[in-house]
Amino acid sequence: MRGIMEQAQQKRIVLGITGGIAAYKAAELARLLVKQGIYVQVAMTEAATHFITPATLQALTGHPVLIDQWQDDKGMAHIQSSRIADAIVIAPATADFIAKLANGLADDLLSTLCLARDCPLLVAPAMNKQMWANAATQRNAQQLLADGVVLLGPVSGVQACGEEGMGRMLEAEQLAQDIVATLQPKYLAGRSVLITAGPTYEAIDAVRGITNRSSGKMGYAIAQAAREMGAQVTLVSGPSAVARPHGVLVVDVTSAAEMFDAVKQYVADADIFIGVAAVADYRVAQPSEQKIKKSDAKLTLELIPNPDILAYVAALPDAPFCVGFAAESENLHEYAEQKRRAKKVPLLAANLAQQAIGADDNELVLFDDAGEYRLPRADKLTLARALLRHAAMLYQKGNEQ
Ligand code: PMT
């Protein structure tokens with residue numbers, strides 16, 4: 001196997017916490033980032049320590065928290081920390097701190113660190129709705145955008161003061177996705193990726209139907225990874241309870257016919273199509289509009305084949321680069337290669353249905369014209385990133401020919 005699963009060098013971020021009630025969410029954010037394998041160095045303003053203790057952040061990240069400009073023996077914490085960082089994230093960022101950043105002030109460790117940086121700065125504002133709406137804050141936020149700072153939020157919602165409005169910090173889960181996205185290599189920048197995910201549901205009558213155990217986890221992970229790599233992503237999803245990836249257009253469908261219609265609607269803009277959905281191969285010929293009444297007689301359902309969405313897309317005259325999936329319960333290699341040839345796709349990811357479906361982890365074998373590559377067991381997001389690195393490489397090669 002070639003080094004598809006090889007991870008880039010560990011990413012490092014400085015997580016700056018300023019003094020607002022949303023500081024408690026920074027603990028969850030730190031935890032999520034560490035979970036993703038990121039080295040997190042926390043730096044807090046003195047005000048932030050009144051909302052959450054440095055001990056909490058130290059325990060979660062495994063590193064002492066920077067607070068005081070003068071606490072470092074060599075007096076150079078600001079330069080050292082920003083030199084090694086791949087990004088600085090301020091979450092939460094108060095109105096006061098945003099004003100400091102907009103004006104280039106550096107009167108404490110965190111603001112000094114921001115001024116002395118040579119890496120992207122991401123700012124997650126959190127404040128009362130009137131403070132956010134204030135002309136001075138709006139002016140400062142505009143200045144940050146003009147300076148190339150990335151603003152993450154705020155959003156509208158219930159605030160700590162009990163009011164409702166704009167100024168609430170994004171949730172930790174969403175911030176973590178945005179931060180990780182910033183750190184990923186942009187292999188798919190400017191590309192449009194269309195993905196199908198989840199199961200389909202084929203009605204038998206008003207309340208019953210035929211479906212399968214696909215959770216949508218694999219397809220949603222691929223959507224998230226594609227977005228991290230800079231793609232514009234459309235996810236056509238069958239019924240799924242998985243949280244929607246941030247920044248992805250999700251088109252909800254139920255049946256294979258609806259999935260097919262949605263794919264036809266979006267495929268013209270797609271550079272890459274990835275069929276992850278477990279599409280029902282058959283549907284009921286004549287579903288009953290009413291609930292079928294129970295009786296002692298035998299009930300026979302007539303099933304007719306559904307259209308093959310992947311084969312349709314791959315056969316389009318101006319087809320996008322197509323990636324198929326194959327869920328097999330036996331003879332994985334043989335059946336997967338057969339499927340790749342039958343559906344005429346350049347890349348196919350095969351997995352064992354009984355291990356993959358519904359699970360958080362998976363194993364994939366990729367088949368392309370040059371051979372096969374095993375992606376060993378890992379969580380679905382890690383596999384999604386590896387699969388997309390390989391797909392992006394093949395797509396790029398194809399365009400160069
Ligand atoms: O959702 P999870 O719980 O995370 O599980 C993930 C998964 C096991 C569903 C996923 O990894 C997977 O294998 N998806 C493909 C499942 C499948 O239906 O495979 P298949 O061998 O039946 O179909 C082959 C390919 O044709 C697939 O890309 C499928 O999306 C596509 N297809 C199939 C039938 C059809 N009518 N239209 C299609 O586009």
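First listed ligand is number 1; within each ligand, the first listed atom is number 1.
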Handout entry: Approximate separation, where rounding is to 0.5 Å, of T56 OG1 and M44 CE
Key = 8.0 Å

Exercise for the section: Could you verify whether a donor N or O on one side chain and an acceptor N or O on the other, from E173 and Q177, lie under 3.5 Å apart? Expected result: no

Practice task
Name all pairs fulfilling the ring pair (Phe, Tyr, Trp, His ring centres under 6.0 Å) condition that reach into residues 85-111, sequence neighbours left out, sorted by first residue then second.
Solution key: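 As it turns out, there is no ring pair (Phe, Tyr, Trp, His ring centres under 6.0 Å) pair with a partner in residues 85-111 once direct neighbours are skipped.
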
Exercise for the section: Determine which pairs satisfy ring pair (Phe, Tyr, Trp, His ring centres under 6.0 Å) with at least one residue from residues 107-138, sequence neighbours left out, and list them in order. Expected result: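 Of all non-adjacent pairs touching residues 107-138, none passes ring pair (Phe, Tyr, Trp, His ring centres under 6.0 Å).
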
Practice task
Select all protein residues for which some heavy-atom-to-ligand 1 distance is less than 4.0 Å, and list them by chain and number.
Solution key: S214, S215, G216, K217, M218, G275, V276, A277, A278, V279, D281, P307, D308, I309, L310, G324, F325, A326, A327, K339, K343, N351, A356, I357, G358, K380

Handout entry: Counterpart residues, side chain to side chain donor-acceptor pair (under 3.5 Å), relative to S214 (two or more places apart)
Key = none

Problem - Residue Q290 excluded, over 12 heavy atoms near CD under 6.0 Å - result: no

